[in-house]
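Report on the following structure.
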Number of protein chains: 2
Amino acid sequence: MLPIEESALILKLLGDKTRLRMMKLLDEDACCVCEFVELFQMSQPAISQHLRKLKAVGIVKEVKRRQWVFYSLNETHQYYPLVKAILVRLESQQDKLVSLTESGKRIDCQIEK
Amino acid sequence: MLPIEESALILKLLGDKTRLRMMKLLDEDACCVCEFVELFQMSQPAISQHLRKLKAVGIVKEVKRRQWVFYSLNETHQYYPLVKAILVRLESQQDKLVSLTESGKRIDCQIEK
DNA sequence: TGATTATATAAGCGTTTGATTATATACTGT
DNA sequence: ACAGTATATAATCAAACGCTTATATAATCA
């Protein structure tokens with residue numbers, strides 16, 4: 001059973017449409033900052049700051065590969081089951097990743113989930 | 001599958017510790033405004049305003065009985081399954097209701113869930 | 001009827017949030 | 001080494017948020 005106050009902090013993080021989209025995308029595949037920038041049509045600092053918040057609580061992790069930083073969900077996090085229970089109910093963003101690939105802007109991080 | 005943008009609005013509502021406590025309490029039993037005021041030791045307008053936000057999206061409903069307004073979860077709401085999936089993972093607030101009863105401040109709304 | 005209790009709403013205010021621009025750091029490839 | 005690419009951080013600012021106080025409305029009860 002999760003403590004309510006701490007849970008509220010996690011839900012607040014997910015209660016932003018940009019971060020929630022990010023989390024759903026990361027649930028489907030690891031992504032790097034520049035992919036989010038392309039997908040969301042937002043400034044790179046805005047993306048980085050959202051990712052920083054998610055990383056600050058540990059619910060996402062990062063791996064550096066060449067010049068990129070790839071983010072993925074931290075499946076060992078205490079709140080991962082809660083987060084996952086939410087994400088599974090959200091519409092897939094897979095088509096967005098496919099579009100990215102088709103436009104040649106997808107970056108293969110070669111990290112196995 | 002729930003749309004992400006709308007889901008983010010629901011999660012933002014739950015991403016406040018007062019509202020999340022309210023929702024968990026309502027998941028366990030209907031409550032009226034003055035009970036929340038007593039439980040949370042917050043001003044009555046603060047409580048009313050949180051409830052108004054929850055009612056605005058329809059995830060809680062109200063029933064008037066004598067001089068009280070009892071709130072409860074709207075189990076027919078489109079987002080109820082998502083909300084419930086979150087609430088079941090949170091620590092029970094049942095002990096808070098028991099304390100209220102013991103201090104003689106519990107109000108029996110006589111509404112069946 | 002007048003006092004009390006319960007709730008809602010409006011206005012005001014300090015804090016937080018999410019974006020932007022500017023700048024710094026780091027890695028890549030020629 | 002240098003130009004280009006990728007990311008992070010800092011400063012700034014308008015908008016949103018959550019609380020308070022003040023006030024209005026409605027039901028209860030003596």
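To find a chain, count down the sequence lines: A is the first, B the second, and so on, and within it residues start at 1.
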B:Ser43 side-chain N/O to D:dC19 phosphate OP1/OP2 under 4.0 Å | no
Could you tell me the separation between the CG atom of B:Leu9 and the P atom of C:dG18, rounded to a whole number of Å?
-> 12 Å
Neighbour count above 12 (heavy atom, 6.0 Å) for A:Glu91 CD = yes
Under 4.0 Å between a Lys/Arg side-chain N and an Asp/Glu carboxylate O for B:Glu35 and B:Lys105?
-> no
B:Glu38 CD to C:dA6 C1', in whole Å, measures 14 Å
Here the distance between atom P of D:dA24 and atom CD of B:Gln67, to the nearest Å, is 22 Å
Side chain of B:Ser48 only, please: which of C:dT7, C:dA19, D:dC19 is the nearest?
-> C:dT7
Nearest-angstrom distance from the residue atom CZ of B:Arg19 to P of D:dC19 | 8 Å
Check the distance between D:dA16's P and A:Asp16's CG and give it to me in whole angstrom.
-> 13 Å
DNA chain C: A:Gln41 or B:Glu35, which has the more 5' nearest nucleotide?
-> B:Glu35
Listed nucleotide nearest any side-chain atom of B:Val33, set D:dC29, D:dT9, C:dT7 | C:dT7
Classify the side chain of B:Gln49 and the base of C:dA8 as holding, or not holding, a donor-acceptor pair under 3.5 Å.
-> no
Does a side-chain heavy-atom distance below 4.5 Å link B:Phe36 with B:Leu25?
-> yes
Within this structure, what is the CZ-to-P distance between B:Phe36 and C:dT5, rounded to whole angstrom?
-> 22 Å
Provide, to the nearest angstrom, the distance between the CD1 atom belonging to B:Ile47 and the P atom belonging to C:dT7.
-> 11 Å
Nearest to the side chain of A:Arg66 - C:dA8, D:dC29, C:dT28?
-> C:dT28
Is A:Glu62 touching bases, backbone alone, or none of the nucleic acid, heavy atoms closer than 4.0 Å?
-> sugar-phosphate
OP1 or OP2 of C:dT17 sitting under 4.0 Å from any side-chain N/O of A:Lys12?
-> yes
Does atom NZ of B:Lys17 have more than 12 heavy-atom neighbours, drawn from other residues, nucleotides or ligands, at distances under 6.0 Å?
-> no
Sort out the partner of D:dC29 for me: Watson-Crick or G-U wobble, both distances under 3.5 Å, none otherwise.
-> C:dG2
Atom-to-atom span, CZ of A:Arg52 to P of C:dT17 - whole angstrom = 13 Å
Using a cut-off of less than 4.0 Å, is there contact between a side-chain N or O of B:Lys53 and OP1 or OP2 of D:dG18?
-> yes
For C:dA6, take OP1 and OP2 only and decide whether either is under 4.0 Å from a side-chain N or O of B:Tyr71.
-> no
Less than 3.5 Å between a donor and an acceptor, one on the side chain of B:Gln44 and one on the base of C:dA6, is that the case here?
-> no
Charged N to carboxylate O below 4.0 Å: is that the case for B:Lys12 and A:Asp16?
-> no
Does C:dC27 pair with anything, Watson-Crick or G-U wobble, both distances under 3.5 Å, and if so, with which nucleotide?
-> D:dG4
Of A:Trp68 and B:Met42, whose nearest nucleotide on DNA chain D comes first from the 5' end?
-> A:Trp68
Within the side chain of B:Lys24, is there an N or O that forms a donor-acceptor pair under 3.5 Å with the backbone of B:Leu87?
-> yes
Contact under 4.0 Å: B:His50 side-chain N or O vs D:dC17 OP1/OP2 = no
